[in-house]
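Values below: all heavy atoms of this structure, side chains included; hydrogens, waters and symmetry mates excluded. First the proteins, then the strands, lettered A, B, ... as listed; each starts at 1.
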There are 2 protein chains.
Amino acid sequence: MAYRDTEKTRSKREEIRTRILQATHELVVSGGFRNTTIQAVSEQAGIATGTVYKHFPSKAELFSEVFRRATQKEVDKVAQAIVGQENVLLRLQRAIRCFAHRAIQSRGLAWALIAEPVDPVVDADRLEFRQAYAALFSDLIREGIAKQEIPLQSASVTSAAIVGSLAEALVGPLAPPPPTLQTNDRTLPSQQTEDALIDNIIRFCLQAVTGCAFIEDQHK
Amino acid sequence: MAYRDTEKTRSKREEIRTRILQATHELVVSGGFRNTTIQAVSEQAGIATGTVYKHFPSKAELFSEVFRRATQKEVDKVAQAIVGQENVLLRLQRAIRCFAHRAIQSRGLAWALIAEPVDPVVDADRLEFRQAYAALFSDLIREGIAKQEIPLQSASVTSAAIVGSLAEALVGPLAPPPPTLQTNDRTLPSQQTEDALIDNIIRFCLQAVTGCAFIEDQHK
DNA sequence: TAATAATGTGAATCCAGATTCATTTTATAA
DNA sequence: TTATAAAATGAATCTGGATTCACATTATTA
């Protein structure tokens, strides 16, 4: 008889699946979720529209997976920047710098992950995404409070506020390029260089947390 | 011959137009933009669907006007809270309290104005909305710097960060009730009372701006 | 090679709501 | 009244993109 799953079979299936995810990711990075149609995805991946549905039950599910993958990578990076034996403030600073740097490097992605209007399924993922960051920060803040490195405060409010300031200061000022990728002539607000912007954000957040800010100069 | 614009005519037209705006506003407050269909609007207003289009060129335009009206009211309130001869920090505190209080009072509206995924036309309005707040704050901060009441800093970054923290701390933790208004059992994070939450946010922002925070007790 | 069963294809279908428009109602001026 | 035109009506159309499905390809085992 015929056709049991074999290595070749599985690997090819995986490969197509991956190609769909990659194609979607690329389109999202350059044009956001809104402009990413199944037709465009299949074109980009070099397959037929129907094939997409042999690998993903719906557009929402596909988007959700793309979102979660991209998101997880970002959260991991920040989590990585946070670990260490140094004092809490330094680690907080490193985490914020990491977040900011990456957001600036890849604005299209940052916008899609943080600010772009998306459908409810993906929006639910985004909630988790922000909560993941907030959790990272609030753990760190609790640790800092316990070690008496920072004053007593509501870790949950502080961490939410930090996430909010990062999002707004980094993605808000950006001209949200939703429908057509418009002429991206408007660069950062008032010619701030990336480092200056990041330093400002760090000062804001550290001061908010402690009442004072010593910015370590450890760019990149 | 016949039918030149008269008082009665005009006032009736106005009245219907207003009724459409009100109906839309009510639906948005209770269910967000996404769930607000033209059909629902016309039902709520007690008119036919076609009539809506006699008063507004498209759904997007109608939504845009509703958004801008609601938004302007909020911005005005905050602007009002900001004026005065007192020191800058006190006025900043008052403005933040005003924003926060109103957002908490009317969560549905706050969510629709600040966080709900909306179509591009309305999203453009939202950008202006946030910029209006940011402009309010950044003027105040520049004033404070000039008067040496607060340290030198980037007013634009600080104000964007303030707007971001407010939005995230007030609307983010909220269970975004997008598709169906789900059982809103999850109240504020960890049973914080409104005042406690607001005080936390104010401390965060004032400290971020100055390095210290004296919270005036002038609730409401 | 033949039989079997996934997988790939892409044109045709579906769908939810926005939008239209032929018809009816309401108001105005003579 | 009557002729005229704006406004209201809501069933019928339109639309853009997701989703389906009958058919073609490609692997797999015997």
Side-chain angles (χ1 to χ4, degrees), chain A residues 1-21 23-24 27-28 31-66 117-122 178-180, chain B residues 1-21 23-24 27-28 31-66 117-122 178-180:
Chain A
M1 279 174 293
Y3 214 120
R4 209 176 318 167
D5 253 17
T6 181
E7 194 42 54
K8 205 165 159 194
T9 299
R10 176 168 17 267
S11 82
K12 181 162 188 187
R13 190 166 52 241
E14 290 287 286
E15 193 241 316
I16 298 248
R17 197 185 140 87
T18 301
R19 214 154 76 221
I20 294 172
L21 287 168
T24 308
L27 290 169
V28 166
F33 285 98
R34 179 178 292 268
N35 299 311
T36 303
T37 63
I38 291 294
Q39 167 135 23
V41 167
S42 53
E43 230 161 80
Q44 176 91 354
I47 56 176
T49 59
T51 305
V52 173
Y53 288 87
K54 283 286 183 349
H55 294 263
F56 297 91
S58 71
K59 189 194 185 194
E61 286 299 315
L62 167 60
F63 278 13
S64 174
E65 182 157 344
V66 168
V118 291
D119 91 37
V121 174
V122 177
T180 57
Chain B
M1 283 172 291
Y3 213 120
R4 210 176 319 168
D5 252 18
T6 183
E7 193 43 52
K8 205 164 156 195
T9 299
R10 177 169 14 270
S11 82
K12 181 161 185 187
R13 192 166 48 240
E14 290 287 286
E15 193 242 316
I16 297 248
R17 197 185 139 87
T18 301
R19 214 154 76 222
I20 295 172
L21 286 169
T24 307
L27 290 169
V28 167
F33 285 98
R34 178 178 294 267
N35 298 313
T36 303
T37 64
I38 293 294
Q39 169 135 19
V41 167
S42 53
E43 228 161 81
Q44 176 93 352
I47 57 176
T49 59
T51 306
V52 173
Y53 288 87
K54 282 287 182 348
H55 295 263
F56 297 90
S58 70
K59 188 194 185 194
E61 287 298 316
L62 167 60
F63 278 13
S64 174
E65 183 157 343
V66 168
V118 291
D119 91 36
V121 174
V122 176
T180 57

S.K.: Rounded off to whole Å, could you give me the CZ-to-P distance for the B:Phe56 and C:dT19 pair?
M.R.: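 For the pair B:Phe56 CZ and C:dT19 P, the rounded distance is 13 Å.
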S.K.: List for me each residue that meets side-chain hydrogen bond (donor to acceptor under 3.5 Å, both in side chains) alongside B:Ser42, sequence neighbours excluded, and say none if there are none.
M.R.: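 If we apply the side-chain hydrogen bond (donor to acceptor under 3.5 Å, both in side chains) test to B:Ser42, skipping adjacent residues, there are no hits.
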S.K.: Roughly how many Å is it from CD1 in B:Ile20 to P in D:dT9, rounded to a whole number?
M.R.: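 To the nearest whole Å, that distance equals 10 Å.
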S.K.: Answer whether the closest heavy-atom distance between the side chains of B:Phe63 and B:Thr24 falls below 4.5 Å.
M.R.: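 Result yes, sub-4.5 Å side-chain heavy-atom pair found.
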S.K.: Looking at side-chain heavy atoms only, is the closest gap between A:Arg13 and A:His55 below 4.5 Å?
M.R.: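 Counting from C-beta outward, A:Arg13 and A:His55 do come under 4.5 Å.
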S.K.: How close or far is atom P of C:dT26 from atom CD of B:Glu15, stated in whole angstroms?
M.R.: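 The distance from CD of B:Glu15 to P of C:dT26 comes to 15 Å, rounded to the nearest Å.
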S.K.: Are any of A:Thr9's side-chain N or O atoms less than 4.0 Å away from OP1 or OP2 of D:dT28?
M.R.: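 Answer is yes, contact under 4.0 Å.
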S.K.: Answer yes or no: is there a side-chain heavy-atom contact under 4.5 Å between B:Leu27 and B:Asn35?
M.R.: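 With C-beta onward as the side chain, the pair stays apart.
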S.K.: A side-chain contact here means heavy atoms from C-beta on lying under 4.5 Å apart; do B:Phe33 and B:Asp119 qualify?
M.R.: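 Side-chain contact under 4.5 Å: no.
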S.K.: Write down the distance between CZ (B:Arg10) and P (D:dA6), rounded to a whole number of angstrom.
M.R.: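 Between P of D:dA6 and CZ of B:Arg10: 14 Å.
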S.K.: When you measure from the side-chain N and O atoms of A:Thr37 to the phosphate of D:dG17, is any distance below 4.0 Å, counting only OP1 and OP2?
M.R.: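 It does not, given that no N or O in the side chain of A:Thr37 lies less than 4.0 Å from OP1 or OP2 of D:dG17.
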S.K.: Which of these, B:Lys12, B:Arg17, B:Arg19, sits in a side chain to side chain donor-acceptor pair (under 3.5 Å) with B:Glu15?
M.R.: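 With B:Glu15 as partner, side chain to side chain donor-acceptor pair (under 3.5 Å) holds for just one option, B:Arg19.
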S.K.: When the distance from CZ of B:Arg34 to P of C:dA16 is rounded to whole Å, what number comes out?
M.R.: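 That distance rounds to 15 Å.
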S.K.: For a 4.5 angstrom cut-off between non-hydrogen side-chain atoms, does A:Leu62 reach A:Ile38?
M.R.: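 Yes; the side chains approach each other to less than 4.5 Å.
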S.K.: Show me the protein contacts with nucleotides 21-24 of chain D, counting only N or O atoms at under 3.5 Å.
M.R.:
none

S.K.: Does A:Ile47 offer a backbone N or O that forms a donor-acceptor pair with the side chain of A:Thr51 under 3.5 Å?
M.R.: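 Flag not set: sc A:Thr51 to bb A:Ile47 has no pair under 3.5 Å.
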S.K.: When the distance from CD1 of A:Ile38 to P of D:dT20 is rounded to whole Å, what number comes out?
M.R.: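 To the nearest whole Å, that distance equals 11 Å.
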S.K.: Nearest 0.5 Å, what's the CD1-NZ distance between A:Ile20 and A:Lys54?
M.R.: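 Going from the CD1 atom of A:Ile20 to the NZ atom of A:Lys54 covers 11.0 Å.
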S.K.: Just how far, in rounded Å, is P of C:dA27 from CD1 of B:Ile16?
M.R.: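 That distance rounds to 11 Å.
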S.K.: Does D:dG10 have OP1 or OP2 sitting under 4.0 Å from an N or O in the side chain of B:Thr49?
M.R.: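 Answer no for this pair, as no side-chain N or O of B:Thr49 is under 4.0 Å from OP1 or OP2.
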S.K.: A:Arg13 has a side chain; which of C:dA6, D:dT26, C:dA27 sits nearest to it?
M.R.: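 For A:Arg13, the side-chain atoms sit closest to C:dA6.
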S.K.: Establish, with yes or no, whether the OP1 or OP2 oxygen of C:dG8 is under 4.0 angstrom from a side-chain nitrogen or oxygen of A:His55.
M.R.: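 For C:dG8, OP1 or OP2 has a side-chain N or O of A:His55 closer than 4.0 Å.
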S.K.: Contact list please: residues 58-66 of chain B against DNA chain C, heavy atoms, distance less than 4.0 Å, in numerical order.
M.R.: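 Of all residues in residues 58-66 of chain B, the ones placing a heavy atom under 4.0 Å from DNA chain C are B:Ser58, B:Lys59.
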S.K.: To the nearest angstrom, how far is A:Glu43 atom CD from D:dG17 atom C1'?
M.R.: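 Distance, rounded to whole Å: 14 Å.
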S.K.: Taking only side-chain N and O atoms of B:Lys12, does any of them lie within less than 4.0 angstrom of OP1 or OP2 on D:dA7?
M.R.: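 Looking at the OP1 and OP2 atoms of D:dA7, neither is under 4.0 Å from any side-chain N or O of B:Lys12.
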